[in-house]
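Residue numbers start at 1 and run along the sequence shown.
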Amino acid sequence: MSSTPHDPFYSSPFGPFYRRHTPYMVQPEYRIYEMNKRLQSRTEDSDNLWWDAFATEFFEDDATLTLSFCLEDGPKRYTIGRTLIPRYFSTVFEGGVTDLYYILKHSKESYHNSSITVDCDQCAMVTQHGKPMFTKVCTEGRLILEFTFDDLMRIKTWHFTIRQYRELVPRSILAMHAQDPQVLDQLSKNITRMGLTNFTLNYLRLCVILEPMQELMSRHKTYNLSPRDCLKTCLFQKWQRMVAPPAEPTRQPTTKRRKRKNSTSSTSNSSAGNTSNSTGSKKKTTAANLSLSSQVPGLGAIPNCSLNPGRDGDLCHSTAVTPSGQFKEKH
């Protein structure tokens, strides 16, 4: 069969100007298609290294993932960082899910200088559950993605707002247990909450505690300090940022024309100006020297809370900082 001009591999005899142009970059929706394929290639032996490689392929190093939904006790919003994203996807499969993929319909793209934003108001997260029973769950909502505008085209922000969900049970299973009221009652109960399993919800609640501790864990991993020393160092640095005066913006000197005066008046004015400037500079230097010393005698004491009670049974004690930079505890 001969090739036609509608064939994408058609080569025109009139030159390369009549050929179809090759896109320079992959479309954002195609990256979601690649993510679905990577999730389908997951096996039961996929460990933490596999999930970390998955997150490295599709998420930036400073990426954030946000989930917003409403439960029985009110609206919820969870945001996790890059280090916790691999574990989030693995908890989905630990809750009995055998397949996971995303469907984007009528998405809108907007291009910026360094990023591409995809806004899909009709996004569906489809999960296939094998236990406790064979069920297909369609979680619908709005998905907003921000991709980096480069060759890797990884996700920088992921925000999924869940509106509703549906749990679908095959008719064949209902027909098999039509005469068993206990099984029918079990089939009528939901196995997820807003399309999320209990494993995923418990992990998101745990992330509320784990996310603020990322700084302590990274400092412990980098400097090999004890948890107590990591907490002291982080508190000391935050205290320094609070005490340090804000830097004043530099002002450009304004040039003004002055009228010439007599020599006698100019010399008297200059002498008076020098004396006033000298006194003003002395006041500024003394104020600068007294600012930190008055607020922080001996470089001050940092309030610090410990998990272990002190001598009097209190949970709080103070940590003093000597001028040499060492910590000294006060109970």
Side-chain angles (χ1 to χ4, degrees), residues 28 31-32 34-69 76-95 97 100-102 114-118 125 127 139 141 143-162 194-238 241 305 307:
R31 290 292 290 166
I32 301 299
E34 291 180 340
M35 177 187 291
N36 294 335
K37 288 187 62 177
R38 187 71 72 249
L39 291 173
Q40 291 175 2
S41 64
R42 180 199 66 90
T43 59
E44 296 295 335
D45 300 333
S46 298
D47 53 0
N48 295 332
L49 295 177
W50 189 94
W51 286 111
D52 190 67
F54 164 79
T56 304
E57 181 180 358
F58 295 100
F59 290 90
E60 285 287 334
D61 296 337
D62 57 346
T64 57
L65 187 146
T66 304
L67 291 176
S68 302
F69 49 89
K76 306 294 181 181
R77 180 187 176 95
Y78 298 99
T79 301
I80 59 177
R82 166 62 182 82
T83 55
L84 302 177
I85 290 177
R87 180 63 180 162
Y88 161 75
F89 282 96
S90 65
T91 56
V92 176
F93 291 91
E94 290 176 2
V97 175
L100 166 66
Y101 57 93
Y102 294 87
S114 60
S115 63
I116 304 174
T117 303
V118 177
M125 181 182 70
T127 54
T139 308
L143 180 62
I144 301 177
L145 302 175
E146 183 182 358
F147 294 86
T148 54
F149 195 46
D150 56 5
D151 296 336
L152 296 177
M153 203 168 180
R154 296 187 297 183
I155 299 172
K156 192 172 183 180
T157 58
W158 173 298
H159 190 179
F160 187 36
T161 304
I162 301 174
M194 291 304 294
L196 303 176
T197 61
N198 290 328
F199 279 82
T200 304
L201 289 175
N202 293 333
Y203 177 71
L204 292 175
R205 296 190 189 99
L206 184 63
C207 288
V208 177
I209 304 174
L210 293 177
E211 190 65 31
M213 296 179 62
Q214 293 300 311
E215 184 179 358
L216 296 176
M217 289 186 285
S218 62
R219 189 175 295 274
H220 170 71
K221 186 177 180 180
T222 305
Y223 301 103
N224 197 16
L225 298 174
S226 63
R228 191 182 185 88
D229 293 336
C230 292
L231 181 60
K232 290 179 181 178
T233 308
C234 293
L235 289 175
F236 177 63
Q237 291 183 353
K238 290 184 178 180
R241 290 193 292 266
C305 290
L307 295 179

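Of the listed residues (Tyr102, Tyr88, Phe147), just one forms a ring pair (Phe, Tyr, Trp, His ring centres under 6.0 Å) with Trp158, and that residue is Tyr102.
Here Thr222 pairs with nothing under the side-chain hydrogen bond (donor to acceptor under 3.5 Å, both in side chains) rule; sequence neighbours left out. By the side-chain hydrogen bond (donor to acceptor under 3.5 Å, both in side chains) test, Thr197 pairs with Thr200, sequence neighbours left out. Every residue two or more places apart in sequence or in another chain that forms a side-chain contact (heavy atoms from CB on, under 4.5 Å) with Thr43 is listed here: Asp45, Ser46. The salt bridge (charged side-chain N to carboxylate O under 4.0 Å, His left out) check on Glu60 picks up Arg154, with sequence neighbours excluded. For Lys76, the salt bridge (charged side-chain N to carboxylate O under 4.0 Å, His left out) test picks out Asp73, with sequence neighbours left out. Shown here are the side-chain hydrogen bond (donor to acceptor under 3.5 Å, both in side chains) partners of Arg42, two or more places apart in sequence or in another chain: there are none.
Heavy atoms only, all atoms of each residue included: Leu100 and Phe89 are closest at CD2-CD2, 4.3 Å. Heavy-atom minimum distance, Thr64 versus Ile85: C-CD1, 4.4 Å. Closest approach of Gly195 and Met125 over heavy atoms only: O-CE, 4.1 Å. Contact record, Thr233 with Asp229: OG1-O, 2.8 Å, taken as the closest heavy-atom pair. When all heavy atoms of Tyr78 and Arg205 are compared, the pair lying nearest together is OH-CG, 3.7 Å.
Ring orientation note: the planes of Phe54 and Trp51 are nearly perpendicular, at an angle over 60° on the 30°/60° scale.
Looking only at side-chain heavy atoms (C-beta outward), Ile116 and Met153 come within less than 4.5 Å of each other. Inter-residue side-chain proximity for Phe93 and Glu44 is flagged as unmet; no heavy-atom pair is nearer than 4.5 Å.
For the atom pair OG (Ser226) and CG (Leu231), the distance works out to 9.5 Å, reported to the nearest 0.5 Å.
Looking at Arg82 and Thr56, their side chains do bring a donor and an acceptor atom within 3.5 Å of each other.
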task = In sequence, state the C-alpha distance, the side-chain angles, and the governing distance for Glu34 and Arg31, and then conclude on salt bridge (Lys or Arg N to Asp or Glu O under 4.0 Å).
result = CA-CA 5 Å; Glu34 291 180 340; Arg31 290 292 290 166; 2.7 Å; yes
